[in-house]
Amino acid sequence: MELWRLTSFTVALSLFAQAHSPVIAADAELPKRRTGLWRISTISPEVGLQSNDVCIEEGDSIIDAHDESCTKPSVTHANDQIIVTFECGPKESREVTSLLFTGDFQSWYRAQSRATAKGSRSGFTIDAKFLSERCTK
């Protein structure tokens with residue numbers, strides 16, 4: 001009888017923890033933005049606030065890790081957040097970048113970045129808003 005209570009308690013505790021812990025899916029895909037015109041505002045200590053209207057086309061990547069020295073991005077979904085991590089540069093001075101994405105990627109998204117290289121850290125925040133299906137050239 002005592003073993004049954006302990007087992008029931010353990011099962012209940014496990015179910016409670018699962019219900020209140022984030023749902024995590026590793027090796028997911030990068031978020032895909034809706035094609036069209038986006039206003040992308042970036043703020044960082046190095047450059048302050050900058051806003052640009054950018055035409056996003058089919059197949060455009062949401063991250064800029066196209067350098068051949070960059071590792072394949074690790075993409076993890078945790079509930080409504082997407083965490084992307086990748087490394088770039090030569091082995092002796094690799095820069096590790098982590099991005100936390102939120103949003104629906106159809107009308108808006110936010111990216112918060114943290115980069116670490118040789119003991120120094122930097123970061124930026126991007127707020128993006130969809131403007132139009134047509135891009136102005």
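Counting begins at 1 with the first residue of the sequence. What you are looking at is a predicted structure, and each value in this text was computed from that prediction instead of being measured.
- The CD1 atom of I83 sits 6.0 Å away from the OG1 atom of T76 when rounded to the nearest 0.5 Å.
- Grouping the Ile, Leu, Val, Met, Phe, Trp and Tyr side chains by contacts below 4.5 angstrom, directly or via other members, places L131 apart from I56.
- Using a 4.5 Å cut-off on side-chain heavy atoms (C-beta onward), F101 and V84 make contact.
- Closest approach of P45 and G123 over heavy atoms only: CD-O, 3.7 Å.
- Taking the side chain as every heavy atom from C-beta outward, E29 and V75 never approach each other to under 4.5 Å.
- Salt-bridge check for E95 with K118: failed, with every basic side-chain N at 4.0 Å or more from each acidic carboxylate O.
- In this structure, the side chains of I82 and F105 come closer than 4.5 Å at one or more pairs of heavy atoms.
- How far CD1 of I126 is from OG of S41: 9.5 Å, rounded to the nearest 0.5 Å.
- Contact annotation: the side chain of S122 approaches that of E46 to within less than 4.5 Å [non-hydrogen atoms, C-beta and beyond].
- The environment of E58 atom CD is sparse: at most 12 non-hydrogen atoms of other residues, nucleotides or ligands sit within 6.0 angstrom.
- Between the side chain of S44 and the main chain of F124, no donor-acceptor pair closer than 3.5 Å is present.
- Summarising the geometry, atom CD belonging to Q112 is positioned 12.0 Å from atom CD1 belonging to I43; distances are rounded to the nearest 0.5 Å.
- L30 and I40 fall within a single hydrophobic cluster, where Ile, Leu, Val, Met, Phe, Trp and Tyr side chains are chained together by heavy-atom contacts under 4.5 Å.
- Under the 4.5 Å side-chain criterion, counting only non-hydrogen atoms from C-beta, T85 is in contact with V96.
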Which is it for I62 and K32 under the side-chain contact (heavy atoms from CB on, under 4.5 Å) test, yes or no, and what are the steps along the way?
CA-CA 7 Å; I62 198 164; K32 292 185 181 7; over 6 Å; no
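- Taking 4.5 Å as the limit, some side-chain heavy atom of L99 sits within range of a side-chain heavy atom of F86.
- Side-chain contact between T97 and S113 is present, with heavy atoms from C-beta onward closer than 4.5 Å.
- Taking hydrophobic clusters as Ile, Leu, Val, Met, Phe, Trp and Tyr residues chained together by side-chain heavy-atom distances below 4.5 Å, I63 shares a cluster with Y109.
- By the 6.0 Å contact criterion, CZ on R114 is open, its count of non-hydrogen atoms from other residues, nucleotides or ligands being 12 or less.
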Worked check of side-chain contact (heavy atoms from CB on, under 4.5 Å) between Q81 and L100
CA-CA 7 Å; Q81 300 176 340; L100 173 67; 3.8 Å; yes
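- R33 places a side-chain N or O within donor-acceptor distance of the main-chain N or O of S61, the cut-off being under 3.5 Å.
- One N or O on the side chain of R94 and one on the backbone of G89 form a donor-acceptor pair closer than 3.5 Å.
- In this structure, T35 and E57 have side chains that are not in contact, with every pair of non-hydrogen atoms separated by 4.5 Å or more.
- Between the CZ atom in R39 and the CG atom in D127 there is a gap of 12.5 Å [rounded to 0.5 Å].
- Note: the hydrophobic cluster containing L37 does not contain V54 (ILVMFWY, side chain heavy atoms under 4.5 Å, direct or indirect links).
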